[in-house]
Amino acid sequence: MYTAESVEQLAEQFAQLPGIGRKTAHRLALYILKMEREEVTTLAQALVNVKDKVRYCSVCSNITESDPCRICSDVKRDQSFICVVEEPSDVLALEKTREFRGLYHVLGGALSPLDGIGPDELRVKELLPRVSNGVQEVILAMNPNVEGEATTLYLSKLLKPFGVKVTRIARGLPMGSDLEFADEATLSRALEGRVAV
Amino acid sequence: MRVTGLRLENFRNHALTRLSGSDSVNVFLGDNGEGKTNILEAVSYLCLTKSFYAGNDRVAAQIGKEYFVLEGELRSDRGLDFTVRVTFDAASAQKKFLVNNAEVETLASVVGRFPVVILSPEGGLVTTGSPSDRRKFIDIAISQASKRYLDELLEYRRVLKQRNKILLDAKIARHDPGDAIEPWSESLVDHGTELIVKRREFVKDFAVQVADAFQKLTGEQETPSLRYLPSVDIDDGADSAAIASEFAVQLTENFSEERRTGSTLVGPHRDEIEFTINGLDLRKFASQGQHKTFLVALKVAEFHYLKEQCNETPVLLLDDVFSELDEHRSHRLLNMVGQLGQTFITSTSEQVFAGALESNSGAKRFFVKQGVVTNEEAGNFVH
């Protein structure tokens with residue numbers, strides 16, 4: 001290779017990131033070479049900060065810089081609802097709706113034996129003491145796939161003895177789309193889950 | 001649906017072939033390796049986006065050529081015309097599928113739009129092969145009519161894989177999987193029950209169609225039957241709830257055995273569909289000719305099923321079907337397909353058509369030699 005070793009090393013690092021191929025990795029490395037030193041320092045610091053400052057909330061297991069996280073320590077939020085999700089990104093998505101004013105619990109994934117994820121790999125046991133603490137309803141908001149479904153089944157059975165109301169989010173049609181463009185599977189599930197008006 | 005025009009460029013041994021088919025029976029005659037089946041394969045590409053026997057698009061291009069182009073003029077039952085084009089470029093390994101010059105979003109979206117039923121020697125495994133070959137046959141048939149079934153099937157397979165992983169891990173580590181397996185068992189029952197209900201319903205309707213086709217082929221000498229034998233032992237009239245609870249019970253009963261083998265032992269993945277003639281198991285007692293007759297009857301039944309489900313008459317492709325059929329059954333088959341819809345047939349011998357197609361004024365025959373097709377107008381099927 002007729003290039004500097006450092007550039008190669010950096011490209012090598014980029015190539016390990018998801019969605020980045022060899023060519024893109026090289027382009028990024030050369031771009032960084034052209035950047036001002038100050039900008040590069042800021043970028044490097046941002047990378048290290050993510051590792052150093054971010055941790056998991058001791059209550060809900062969401063990612064946070066202050067423990068407990070901003071949602072868990074917000075007194076205005078309704079403490080009697082807990083919405084269980086798979087990943088921190090799901091919390092972000094639900095928060096954008098501004099509809100849900102309760103608390104969250106982030107499992108850190110879904111049950112998937114093929115990937116070596118069983119109940120012990122998820123933050124399940126952290127959920128149980130929270131539920132026994134005056135909670136009215138636990139909403140299970142897993143992804144609508146096989147793994148999410150098994151996780152929902154597992155949790156609903158586990159939570160039964162607590163006498164708390166357990167619900168799951170509805171499956172159906174996306175808003176703003178036309179019925180005619182919906183795929184058959186979604187449409188037939190939406191028919192199944194119809195409600196009285 | 002009918003194929004009114006067909007154009008093959010650099011496809012297999014066809015450098016450039018154009019032909020206009022008859023709405024009725026089209027017969028392609030020629031010796032082995034002259035390129036008869038390639039024409040049927042081209043129709044398969046235009047309807048299903050792929051070959052019915054080759055898994056690889058690259059081998060379909062003429063040797064030494066970098067691309068192939070197939071074009072078909074298709075007319076729906078309601079009289080709408082479609083120009084369908086399939087292009088394959090070997091350098092980029094890219095296949096494109098265009099309907100009326102617009103590229104389709106996904107190849108999968110084409111399936112079911114231009115229905116086709118294919119009877120080829122490769123399809124013979126349905127009657128001679130293992131239970132998995134028969135499950136595959138009914139899964140494909142039901143999936144073409146119901147995307148929901150396909151969805152359930154794929155999800156069931158995924159759940160099965162996950163559950164088997166738990167059982168296998170527990171076997172290797174010699175520990176009790178405990179309650180980790182429970183959600184997967186429950187999920188397996190949920191999805192599996194839907195499959196059982198759909199398969200039972202399908203086989204029941206389908207058996208009537210098969211018996212009807214079989215009778216027309218043989219002239220009521222023999223009685224065929226199809227029976228769904230689910231791996232979960234259920235009563236005939238059991239409803240979804242009863243099937244689900246029975247499934248769950250049998251999973252529990254087999255659990256210690258499952259732990260020993262490290263895999264799931266009950267469920268639709270172990271279903272069997274039994275084919276019989278006069279009450280005798282086809283696999284054990286039938287002759288080559290009976291196998292072939294049963295296969296033809298299955299395909300004719302599939303034709304009727306697809307026609308009803310898709311609201312469109314399928315095109316029928318018969319590749320080398322007469323080799324094991326006697327003259328009597330061959331003639332009956334030819335008469336039958338003449339009334340069904342548009343049919344493409346390959347044969348090495350003209351003899352089988354003697355006396356069978358004279359009454360069919362729409363029939364056309366083509367001679368295929370080294371990738372060149374010449375056609376002769378119908379009506380002269382006298383041997």
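First the proteins, then the strands, lettered A, B, ... as listed; each starts at 1.
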Quiz item: So among Gln162(B), Lys161(B), Lys165(B), which one has a side chain to side chain contact (heavy atoms under 4.5 Å, CB included) with Ser112(A)?
Solution: Gln162(B)
Quiz item: Do Pro183(B) and Leu111(A) have side-chain heavy atoms sitting under 4.5 Å apart?
Solution: yes
Quiz prompt | Ionic contact status for Arg148(B) with Glu192(A), cut-off 4.0 Å | solution = yes
Quiz prompt | Residues, nucleotides or ligands: over 12 heavy atoms within 6.0 Å of Glu5(A) CD | solution = no
Quiz item: Can you check whether Asp179(B) reaches Lys157(A) side chain to side chain, under 4.5 Å on heavy atoms?
Solution: no
Practice problem: Could you check if a side-chain atom of Ser187(B) sits within less than 4.5 angstrom of a side-chain atom of Leu153(A), using non-hydrogen atoms only? | Solution: yes
Quiz item: Out of curiosity, Glu182(B) CD to Leu158(A) CG, how far, rounded to the nearest 0.5 Å?
Solution: 10.0 Å
Quiz item: If you count the non-hydrogen atoms of other residues, nucleotides and ligands that lie under 6.0 Å from CD in Glu308(B), is the total more than 12?
Solution: no
Exercise. May I ask you to test the Trp184(B)-Glu149(A) pair for a side-chain heavy-atom distance under 4.5 Å?
Key: no
Quiz item: Would you find more than 12 non-hydrogen atoms of other residues, nucleotides or ligands less than 6.0 Å from Lys50(B) atom NZ?
Solution: no
Quiz item: Going through the distances and angles, do Glu155(B) and Asn145(A) end up as a side-chain contact (heavy atoms from CB on, under 4.5 Å)?
Solution: CA-CA 8 Å; Glu155(B) 284 176 6; Asn145(A) 54 28; over 6 Å; no
Quiz item: Does CZ in Phe81(A) sit with more than 12 non-hydrogen atoms of other residues, nucleotides or ligands closer than 6.0 Å?
Solution: yes
